Amino acid sequence: MTGALAGEPWLLRSDIRAAQQRLTGETRVTPVFHTEVVGPDGPVKVTFKLEHLQHGGTFKLRGSLNALMQSDGDEQPVVIASGGNAGIAAALACALRGRPCTVVVPETAPHTKVAAMWGYGAEVLWFGTTYAESRKHADAVAAERNALQLHAYDLPAVVAGAGVVGLEIERQVRRRPPVLVAVGGGGLMAGVAIALGPRSRVIGVEPKGAATLHAALSAGRPVDVPVDSIAADALGATRIGDIALDTAIRYGVGSVLVGDDAIAMAREYLWREFRLVVEHAGAAALAAVQSGAFVPEPGERPVIVLCGANTDVTTL
């Protein structure tokens, strides 16, 4: 299942269907919620995909668990680098499958997320100040321990697991509305785009201070970007994944950018109006609608994926 734009795709819809079958009974089928939100020119009809209600508070459990279930019978320890949610997901998946887990986190990782990793029994190692630095150290730790190394977003099994979100949306929502997905490394965006297929429209939403997909689409290849955003603990990848960029080009996935103020306001709005607790990354897709960065066509009801809930609730 390897490929590039010039050749075979990294993943097919059949890979995501296989992941869905594998994960049945292991992960939650998260609900959708049809409502209206305040937009720049009045009320906007939307559908929330409440993926923040997934076990572990993040969509990333689907990918980690899918990867581990594909390697069932393998007792290797697991190592992953993560700024937060991928580490939580790997720790929970390993706890469910009875495998030891080590998460390498940057020194900037939020205590709330590190505490969740500990809570699921993971060993946590601090290294570096960015995800990229943590990833290099995780490479060394995995080699030293002969461990299975998971990737936060650029591994076919991880992307296939995340893509099950798209299959659920397809079943839960009529017609083919646009789907707005927050982008860091791009695993969720890629999985959803492949699951829904070329006739659907997926829009990647990125903080202006961490625009990995936008930069890569402009350059025609993954490039490093500076990261400076309130959502950096979840959307803090310094470059888009190869699978994500390949998928974005194949399926015509666009990128819209939102500012930190819009993300913070969307997060507060979700709590104030709906009592939904999400992290800043989880509110990014809504911020695109409320700020006017994405404007639905007349009659469209976009699907907004609320992708994570691992946050300090006292900040609300």
Side-chain angles (χ1 to χ4, degrees), residues 1-2 10-11 15 18-19 22-23 26-27 54-111 113-163 184-188 190-191 222 233-234 236-239 241-244 308 310:
M1 292 198 301
T2 59
W10 289 87
L11 288 164
D15 296 310
R22 200 174 288 118
L23 294 172
E26 303 288 338
T27 56
Q54 188 54 257
H55 297 298
T58 172
F59 76 92
K60 288 180 178 284
L61 176 66
R62 298 176 187 265
S64 287
L65 198 52
N66 186 50
L68 292 190
M69 293 179 76
Q70 281 189 321
S71 66
D72 252 2
D74 188 341
E75 297 183 358
Q76 279 179 291
V78 172
V79 172
I80 188 170
S82 171
N85 283 339
I88 293 171
L92 176 53
C94 285
L96 293 171
R97 308 307 293 178
R99 293 172 69 164
C101 180
T102 298
V103 185
V104 182
V105 302
E107 295 167 4
T108 52
H111 178 75
K113 296 190 175 185
V114 173
M117 298 173 204
W118 281 331
Y120 293 127
E123 174 191 22
V124 179
L125 305 177
W126 281 267
F127 189 90
T129 58
T130 65
Y131 168 77
E133 292 172 345
S134 298
R135 173 70 198 283
K136 288 182 180 179
H137 188 61
D139 292 343
V141 173
E144 177 186 328
R145 300 183 182 183
N146 188 31
L148 171 67
Q149 187 171 5
L150 296 183
H151 195 286
Y153 54 85
D154 205 22
L155 188 69
V158 167
V159 175
L188 179 59
D233 62 318
T238 54
R239 68 164 51 198
D242 291 335
I243 299 174
N310 290 304

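Every value quoted in this text rests on a predicted model; they were computed, and no experiment measured them.
With sequence neighbours excluded, the residues satisfying side chain to side chain contact (heavy atoms under 4.5 Å, CB included) with Glu26 are Leu65, Met69, Arg97. With sequence neighbours left out, Asp233 forms a side chain to side chain contact (heavy atoms under 4.5 Å, CB included) with Pro110, Lys113, Glu279. In this structure Ala86 satisfies the side chain to side chain contact (heavy atoms under 4.5 Å, CB included) test together with Lys60, Ile80, Ser82, Ala152, sequence neighbours excluded. Qualifying ring-ring contact (aromatic ring centres under 6.0 Å, His included) partners for Phe127, counting only residues two or more places apart in sequence or in other chains: His137. For Ser134, the side chain to side chain contact (heavy atoms under 4.5 Å, CB included) partners are Ala81, Val104, Pro106, not counting sequence neighbours.
To the nearest 0.5 Å, atoms SG (Cys101) and CG (Leu68) are separated by 8.5 Å. Residue Thr58 holds its OG1 atom at 6.5 Å from CG of Asn310, rounded to the nearest 0.5 Å. One distance of note links CG of Leu155 with CD of Gln70; it measures 8.5 Å at 0.5 Å rounding. For the atom pair CD (Gln54) and CZ (Arg62), the distance works out to 4.5 Å, reported to the nearest 0.5 Å.
Looking at heavy atoms from C-beta onward, Pro77 lies out of side-chain contact with Thr102 at the 4.5 angstrom threshold. Between Val158 and Tyr153 the shortest side-chain heavy-atom distance does not fall below 4.5 Å. Inter-residue side-chain proximity for Phe59 and Asn85 is flagged as unmet; no heavy-atom pair is nearer than 4.5 Å. A 4.5 Å side-chain heavy-atom check between Val124 and Trp118 finds at least one atom pair inside the cut-off. A heavy-atom distance below 4.5 Å is found between the side chains of Ser71 and Leu148. Counting heavy atoms from C-beta outward, His55 and Leu92 have side chains that approach closer than 4.5 Å. Residues Val78 and Gln149 have side chains not in contact (no heavy-atom distance under 4.5 Å, counting atoms from C-beta outward).
Of the possible donor and acceptor atoms, none in the side chain of Ser64 sits under 3.5 Å from a partner among the backbone N and O of Leu61. Panel note: side chain Asn66, backbone Ala157; a donor-acceptor pair is recorded below 3.5 Å.
Applying the salt bridge (charged side-chain N to carboxylate O under 4.0 Å, His left out) test to pairs two or more places apart or on separate chains, those with a residue in residues 136-148 are Glu123-Arg145, Arg135-Asp139.
Defined by atom type and a distance below 3.5 Å, a donor-acceptor pair is present between the side-chain atoms of Glu133 and Thr129.
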